[in-house]
Every structure is written in structure tokens, then in C-alpha cells.
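Just so you know, ligand 1 is whichever comes first in the structure, and atom 1 is the first atom listed for that ligand. Quick note: residue numbers are just sequence positions, from 1.
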Amino acid sequence: MKKQKSSQNPNIDKNLIDNSNKILTTNDGVPIHDNNNTLKAGNRGPSLQQDHIYFDKLMHFDRERIPERVVHARGSAAHGFFEATADVSEYTSAKFLKKGTVTPVFTRFSTVAGFKGSTDLARDVRGFSVKFYTEEGNYDLVGNNIPVFFIQDAMNFPDLVHAVKPEPNNEMPQAASAHDTFWDFISLMPESAHMIMWVMSDRAIPRSLRMMEGFGVHTFKFVNKDGKGTFVKFHWRPKLGTHSVAWNEAQKISGFNSDFHRQDLWEAIEEGNYPQWDLGVQLIPEEDELKYSFDILDPTKIIPEELIPLKIIGTMTLNRNPENFFAENEQSAFDPGRVVPGIDFSNDPLLQGRIFSYMDTQNYRLGGPNFHELPINRPLNGKHNNQKDGFGKVDILKGAVSYFPNSKMDGCPYQAMLRGEQGFESHKEKIKAEKVRERSDSFADHFSQATLFFNSQSPEEQDHIINALSFELSKVKEAKIRERVLAILNQIEGKLAKKVGDNLGLTPPKELDELTLKFARQNHPNYPIKPKKQEVKKSEALSMKVKDGEGTIETRKVAFLIDEGASKSSVDKMKSALEKEGASAVMIASKVGKLTFDDGSTTEIQHSYLTEASVCYDAFFTPEGKHVKDLAKNPDYIHFLNEGYRHCKAISFAKGAEELAKKAFIEKDAAVIFESKDDLHNDFIAAMKKHRLWEREKPRKVPA
Ligand code: HEM
């Protein structure tokens with residue numbers, strides 16, 4: 001990947017402190033002579049109350065933890081920039097979207113349910129938050145890697161989160177939805193059916209944060225300079241494609257390297273492999289608001305791309321790791337309520353609720369109302385208002401005036417309209433309504449798009465959904481909950497419900513459970529309501545299967561499985577073929593330290609079969625050489641390779657190494673490449689481009 005020009009956030013650079021070659025001081029800057037001993041009455045006596053230097057150190061330590069985010073606690077983030085590449089002035093006046101404009105960004109990816117120290121590979125939604133430091137203030141696009149959500153109204157959010165988090169009596173399980181309270185909630189909320197299909201699909205176990213899509217989820221509004229509104233949905237498309245791991249693999253990665261995603265993002269940026277995403281929009285004219293079989297305000301619905309195609313309007317590049325995890329990642333505050341001129345909210349009732357929650361929680365989490373002044377949150381264009389006080393105030397605002405209107409400071413800071421300038425204006429909208437606590441029946445079709453998603457998956461992807469549901473529901477202890485979920489699955493797709501039912505030893509009920517209906521009827525008294533005819537029955541964009549002729553192996557990691565006496569030229573030829581395509585080779589041998597090749601040259605081995613696991617690699621190559629006979633007797637090598645085969649990865653053997661395939665119970669298929677039969681380098685690269693040969697699971701009947 002070619003290196004990009006960097007556009008940094010000057011607020012970060014301005015606040016960097018470099019301790020090298022500096023004398024150690026207290027927090028007041030007093031130089032410290034001895035940092036090892038507390039002040040005592042005699043060198044074996046009690047410590048003294050007057051030891052201000054010790055108190056200064058301990059008082060800070062005692063207060064080093066702040067509350068973790070109530071959701072999305074575990075996250076990884078990076079700096080970068082966004083470049084607008086299309087003319088969208090017809091739709092929005094947002095200056096950062098003007099073609100050619102480059103805007104610094106800070107992007108944070110996260111899991112939702114797990115605590116801050118939990119595994120990266122949990123089956124979960126991933127957060128995808130981008131803070132654009134625009135010339136008109138900060139704009140936060142706080143999205144997920146799944147385009148729909150579990151619930152339709154913000155009132156249900158605390159309940160959803162309480163249900164999925166570890167159960168409150170014993171705080172188990174960690175970072176997992178496979179437990180009773182989550183599925184109990186889901187079984188009573190048929191509006192979650194569509195989201196459940198996505199969360200049980202491989203989308204919930206990404207291969208890398210760099211290989212997942214992002215979505216704004218809600219419908220927002222673009223507003224142009226004449227005040228005309230256009231509904232808009234946001235999509236981030238990764239340049240590396242959208243890929244996942246297998247569930248069995250995810251569980252093992254959690255054991256071998258629970259920082260797998262975090263490390264992958266960090267290393268890619270350090271190595272100059274800057275991840276990139278295109279920003280796409282779906283634009284819906286205001287007059288089409290009610291045109292579709294679904295309600296565009298309902299966050300449990302997508303707009304199929306067959307109906308409204310994506311228009312690519314820019315590209316984001318992440319090119320700089322944080323300097324300090326706490327100061328940047330932990331203290332960052334993303335908020336969907338932060339919009340800039342040219343962007344506004346729709347009336348999506350989930351979005352409307354979010355507008356309150358983030359600022360509220362950040363006031364608590366970051367210790368008061370001045371968190372906007374932290375370097376990571378500070379707007380680049382400066383902020384000017386009369387808010388001079390509060391915990392942790394950094395800015396020193398001059399003058400006696402802290403009110404508006406004022407005459408003493410010539411009315412400053414002044415309101416844009418008073419000087420004929422343009423500030424943020426909410427989009428004008430006529431509302432004629434009664435004040436009610438109700439839900440529109442246009443939100444009542446809970447299953448059509450769940451069916452659309454399931455039917456748009458490849459057979460292997462469908463199997464993965466069935467296996468995931470079977471896994472999760474097998475962990476549910478209460479039979480009644482399983483049955484209620486099966487009834488919901490039966491409304492989505494009969495085959496799906498039957499297969500999951502078979503795995504649980506249950507026959508899916510035909511109708512929704514009485515309790516499920518009772519709750520649904522609180523929102524829709526005539527539930528179930530006959531859905532409108534769907535415009536689209538199958539959507540290619542919903543499947544992650546790599547299409548023929550597409551795919552890349554850029555930044556993929558290939559394990560070269562070697563030992564003493566491996567052929568140097570066999571290693572070098574494959575390495576250079578892979579590197580030409582942007583992939584990298586990692587040598588793995590029986591032990592770390594010096595290894596000698598057949599030509600007498602040596603290399604330093606960093607990884608052994610004991611310290612590494614196949615699940616952390618994308619593909620495998622065994623070169624030719626004298627090492628083959630040792631590998632044939634090495635159970636760690638055999639296991640390594642067999643596991644890679646089980647996870648449907650590309651595997652290649654140089655001439656003379658073919659016999660090792662048999663030892664590892666590997667049969668020839670489209671992603672098992674033998675130098676003696678195939679075009680070793682090109683066929684191996686072509687197989688890797690497909691990401692996985694999921695079809696391999698079928699004959700082996702392996703639950704993935
Ligand atoms: C009513 C519904 C929702 C409520 C009340 C809510 C509330 C919250 C809260 C309180 C946080 C913690 C923020 C912090 O401590 O800084 C959070 C984080 C987050 N939420 Fe939501 N959320 C809702 C729905 C959603 C939806 C639909 C999405 C995706 C479109 C989403 C994406 C995120 C992300 C990505 C974060 C992490 C932000 C970060 O990286 O710091 N949330 N949410």
C-alpha cells in the first residue's frame with residue numbers, strides 16, 4: 001500500500017510531553033532527589049506525615065482509574081485524515097465534504113458488551129466512531145460495523161445493555177451474548193430479528209478492524225445552502241475488503257492473543273500499511289420519505305443498495321497511532337449529537353435518544369463539563385462561549401463578561417445571525433402531531449428484512465448463522481427461552497428454525513409465543529400486521545463472499561513452516577512472490593534463535609510452534625528442504641497445519657514437502673496447492689485472495 005501524506009491534529013502535537021533527559025519532578029515541578037524512600041523517623045522508623053513528595057505520588061496513583069464506558073469499553077483508535085472526493089454541494093453545505101477538502105480525523109473501533117480488558121474476538125457488534133475535526137467544529141459519525149440495531153426506540157436501550165452484559169448476580173459471562181438474560185430479552189423483542197441475523201453472522205467476528213465495514217445506522221439529513229434537506233445513510237467501505245474469521249478460530253485467538261485486533265491495527269500503521277475506507281452515502285429525496293415497504297426512520301432496517309446505490313464521496317486514511325492510550329483513546333468523547341452545518345438528524349426515535357445519552361455519560365465519565373477542552377476532543381477551529389467555570393477548566397477566558405447579550409464586549413462572542421453570518425441551523429420541518437407515547441405501525445414488520453439478509457447469504461454463510469445460533473442457544477439454560485427464540489426464527493425462515501431446532505432437540509413452534517405477542521402488542525395493538533410487499537428479495541451487498549476476480553492479499557500474514565535445513569531458495573522465491581502482492585512472511589520453527597538453511601546461511605527465528613498458533617495467520621507455506629523429515633515427526637507442526645486446514649485457509653507445499661499434507665490429514669482442494677501439480681506461487685496467491693475456502697467445511701462436517 002502506498003504511503004499517504006499525513007495530516008495531523010495539531011492539538012495532539014501541541015500537548016505532547018517528552019520526558020527524555022528531564023529531571024524527575026513532583027506535580028508542582030519540584031525536582032525529586034530520591035524516588036525510592038519515603039521520609040521516616042530513622043531508617044527503620046515510621047513514615048512521616050510531612051512527606052509531601054510521597055503523598056503527591058500516591059494521590060495520583062490512587063485516582064488513576066476513571067469509569068470505563070458503559071458500553072463499547074474496549075476500543076482501539078488511530079489518527080488520520082479524510083479527503084472529500086465528490087461534489088455533494090447539491091445536497092449538503094458541510095464544508096468538510098467539499099470536494100478536495102482534507103480533514104483530520106480520530107477513529108475508534110470497539111466491542112460493545114465486554115469490559116475494557118476483555119478479548120477482541122468476542123462475538124459482538126463492533127463500534128466504528130469517527131471524529132472529524134472540521135473547520136466548522138467537530139462532527140462525530142458514531143456508527144457500528146452492522147447497519148441495523150436491536151431496538152427501535154431509545155427507551156429500550158438500558159434494558160438491552162443490562163440483558164447482554166454479564167448477569168448481575170454473578171457477573172458472568174464476560175463479553176458474550178450466549179446466556180439466558182440476553183436471549184430472554186431477544187425472545188420478547190421480535191423487532192431485534194433482523195439484527196440477530198447480522199450478529200449471528202460472521203460480521204460479528206471480523207478478521208481485522210481494517211477489514212470491516214462501518215455504518216451510520218440511522219437515517220440522517222443532509223441540508224444544502226438553500227435549506228433543502230435530503231435523507232442520507234452513511235457507509236464506510238474498507239479498501240481491503242470485508243472479512244471474518246471462523247467461530248472456532250475466534251475462540252482460540254481469544255486465548256492466544258486477546259489483543260489480536262488491537263495489535264493488528266497498531267502494527268499495520270507502524271509498518272506504513274495505512275488502512276483506508278471509502279465513505280459512501282445513500283441519498284433519499286425528502287419527497288420519497290414514505291415511498292418504501294419499510295420506514296426509513298426505523299433503525300432495524302437497511303435500504304437495499306439495489307434500491308438506492310451507494311455514492312462514494314471520500315476516503316479516510318488512518319496513518320498515526322496514539323502516543324498515549326489514556327489521553328487519546330480513553331478520554332475521547334464521541335457523540336452522535338455533534339453535527340456541523342449541512343448535517344442534521346432525522347426523527348429516528350433511537351437516534352433522538354442517543355442525542356441525549358452521550359454527552360450525559362461523558363460528563364460523568366470524564367469528570368465534568370470541560371471534557372471538550374481535552375486535547376483529543378478540542379475542536380481545531382477554536383471554541384468561544386461564556387462557559388468559564390467547572391471542574392478541570394483548562395482555558396483562561398479573559399474579561400468580566402460571561403453572559404449574553406452583553407454590550408461591554410461589543411456583544412462578543414457574538415451570535416452568527418446578528419452579523420449576517422451562517423451558523424448551525426436546524427433543518428426546518430413542519431410537524432403536525434399529537435403528543436403521544438406510541439410507536440408507528442410502519443415499524444411493525446420485524447421479519448421481512450431478517451429473511452432478506454438470511455436469503456442473501458451464501459450456503460456456507462447460512463451454515464455459520466445456524467451454527468452460531470445453535471452455539472448461543474445451547475448455552476441458554478431455560479428451555480422456554482430457547483423455544484420462544486425458535487418461534488421467532490420460524491417467522492424468518494423455516495429451514496433456519498428447523499436446523500437450529502434439530503441442534504437443540506426441539507421442534508420450532510409455528511407461531512410466536514403468547515408472551516412475545518403480548519409485549520409486541522404493547523407497541524402495535526394489532527400485531528402481527530401483514531407486511532408490505534418487499535421491493536428486494538435478495539441483495540448481493542449483504543454477503544461477504546469474495547467474488548471471482550476480486551480480493552487482495554495486501555497485509556495478509558503467511559506462516560512459513562520451517563526447520564533446520566529448509567531450502568533458502570524455496571523460502572526466498574515464495575517470500576518475494578507474496579511481498580510483491582503486499583503480503584508478509586513470518587518464519588516459524590521448532591525453536592526460537594538461530595536457524596541454518598540448506599545453503600549454510602542463517603536467520604533469526606522469533607516464533608516457534610509452541611509460542612504461535614495457526615489461528616493468528618492467514619495462510620501457510622512449507623518450503624522444500626531437509627527439514628521435511630523432521631517436520632513429519634513433529635506433532636506441533638502437524639497440529640498447526642491441520643488447524644489451518646480446518647479453518648479453511650490456503651495451504652501450500654513446495655516440491656518434496658507434499659507428504660506432509662497426508663500427515664496432517666489434508667486433502668487436495670482449491671486452496672491446497674502442491675508445487676508438483678499447481679503453479680505454486682500464483683495458485684497460492686489466488687487461493688489467498690478468496691480469503692477462505694469455506695466449502696471445505698461441508699465434507700468434513702466441521703462446526704465452524
Ligand atoms: C438509544 C440507543 C443508544 C444509546 C442510549 C447509546 C449510548 C451509548 C453510551 C452511553 C456510550 C458510551 C459513550 C461514552 O462513554 O463516551 C455509547 C458508546 C457508543 N455507542 Fe451507543 N448508544 C445507543 C445506540 C447506539 C447505536 C445505534 C450505535 C451505532 C450506530 C451506537 C454506537 C456506539 C459507539 C460506536 C460507541 C463507542 C464510542 C466510542 O468509541 O467512544 N450506539 N453509546
Side-chain angles (χ1 to χ4, degrees), residues 66-79 105-116 124-132 138 140-165 189 191-192 194-195 198-199 203-204 209 212-220 232-236 261-262 265 297-302 318 322 325-326 328-339 345-368 371-372 374 376-377:
I66 61 170
E68 63 175 37
R69 289 168 175 84
V70 63
V71 280
H72 296 264
R74 182 172 178 79
S76 307
H79 296 274
V105 299
F106 184 66
T107 297
R108 183 175 182 269
F109 305 103
S110 47
T111 51
V112 179
F115 294 178
K116 187 171 169 282
D124 200 353
V125 184
R126 298 299 184 287
F128 193 129
S129 308
V130 183
K131 188 182 283 296
F132 299 81
N138 291 350
D140 293 351
L141 181 49
V142 193
N144 281 340
N145 75 329
I146 288 178
V148 288
F149 204 63
F150 294 95
I151 51 170
Q152 296 171 323
D153 192 293
M155 194 67 127
N156 291 122
F157 187 76
D159 302 291
L160 164 72
V161 175
H162 291 167
V164 71
K165 284 269 184 180
M189 296 288 279
E191 69 198 56
S192 65
H194 187 195
M195 179 68 167
W198 283 83
V199 182
R203 299 271 178 163
L209 301 171
M212 59 183 206
E213 288 182 288
F215 302 92
V217 177
H218 315 278
T219 300
F220 288 85
V232 59
K233 288 249 188 208
F234 294 103
H235 299 238
W236 290 109
H261 282 157
R262 177 174 287 179
L265 179 68
L297 300 185
D298 174 356
T300 67
K301 303 295 185 297
I302 58 162
L318 299 183
F325 188 89
F326 182 85
E328 293 161 83
N329 190 332
E330 284 308 280
Q331 294 201 125
S332 60
F334 295 89
D335 177 353
R338 263 173 224 132
V339 291
F345 315 115
S346 74
N347 293 333
D348 172 339
L350 192 71
L351 173 61
Q352 296 276 322
R354 291 180 76 197
I355 295 165
F356 163 71
S357 183
Y358 290 72
M359 210 190 278
D360 178 48
T361 197
Q362 285 153 11
N363 255 305
Y364 166 69
R365 182 167 72 77
L366 299 171
F371 62 88
H372 308 274
L374 294 165
I376 194 64
N377 299 323

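- Ranking protein heavy atoms by distance to atom 9 (C) of ligand 1, first place goes to Val71 CG2, 3.7 Å.
- When each of Arg354, Gln152, His218 is paired with Asp348, the side chain to side chain donor-acceptor pair (under 3.5 Å) condition holds for His218 and for no other.
- Those atoms of ligand 1 with a heavy atom of Gly127 less than 4.0 angstrom away are 35 (C).
- Near Gln362, meaning under 4.0 Å from one of its heavy atoms, ligand 1 places the atoms 14 (C), 16 (O).
- Near Val142, the atoms of ligand 1 lying under 4.0 angstrom from a non-hydrogen atom of the residue are 29 (C), 30 (C), 33 (C), 34 (C), 35 (C).
- Scanning the protein heavy atoms around atom 17 (C) of ligand 1, the nearest turns out to be Tyr358 CE2, 3.2 Å.
- The protein heavy atom nearest to atom 40 (O) of ligand 1 is Arg108 NH1, 2.7 Å.
- Closest non-hydrogen pair, Asp153 versus Glu191, comes out as N-OE2, 4.5 Å.
- Note: His235 and Phe215 have perpendicular aromatic rings, judged against thresholds of 30 and 60 degrees for the angle between ring planes.
- Closest to atom 19 (C) of ligand 1, if we only count protein heavy atoms, is His72 CD2, 3.1 Å.
- Looking only at protein heavy atoms, the nearest one to atom 38 (C) of ligand 1 is Ser129 OG, 3.4 Å.
- Remark: minimum distance from atom 23 (C) of ligand 1 to any protein heavy atom is reached at Phe157 CE1, 3.3 Å.
- With 2.8 Å as the limit, Ser357 does not count as an N, O or S neighbour of atom 21 (Fe) of ligand 1.
- Counting protein heavy atoms only, atom 15 (O) of ligand 1 is closest to Arg365 NE, 2.7 Å.
- Checked by atom type, the side-chain pair His72/Arg108 shows no donor-acceptor distance below 3.5 Å.
- The closest protein non-hydrogen atom to atom 41 (O) of ligand 1 is Arg69 NE, 2.8 Å.
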Q. Which is it for Phe109 and Asn145 under the side chain to side chain contact (heavy atoms under 4.5 Å, CB included) test, yes or no, and what are the steps along the way?
A. CA-CA 9 Å; Phe109 305 103; Asn145 75 329; over 6 Å; no

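- Under the 6.0 Å distance and 45° angle rule, Lys131 counts as a cation-pi partner of Phe334.
- The shortest heavy-atom contact between Pro158 and Ala154 is CD-O, 3.8 Å.
- For the pair Asn377 and Phe371, the tightest heavy-atom approach, listed with the atom from each and the gap, is ND2-O, 3.1 Å.
- No donor-acceptor pair closer than 3.5 Å links the side chain of Lys233 to the backbone N or O of Phe220.
- Judged by the shortest distance from any of its heavy atoms, Gly75 lies outside the 4.0 Å radius around the atoms of ligand 1.
- Of all heavy-atom pairs spanning Pro299 and Val217, the tightest one is O-CG1, 4.0 Å.
- With a 4.0 Å cut-off on non-hydrogen atoms, Val217 touches ligand 1 through its side chain and not its backbone.
- The closest heavy-atom contact to atom 25 (C) of ligand 1, among the options Arg126, Arg354, Met155, comes from Arg354.
- Short contacts between ligand 1 and Val70, defined as distances under 4.0 Å to a heavy atom of the residue, involve ligand atoms 10 (C).
- Near Ala154, the atoms of ligand 1 lying under 4.0 angstrom from a non-hydrogen atom of the residue are 1 (C).
- The two residues Ala77 and Phe106 have their closest heavy-atom pair at CB-CZ, 3.3 Å.
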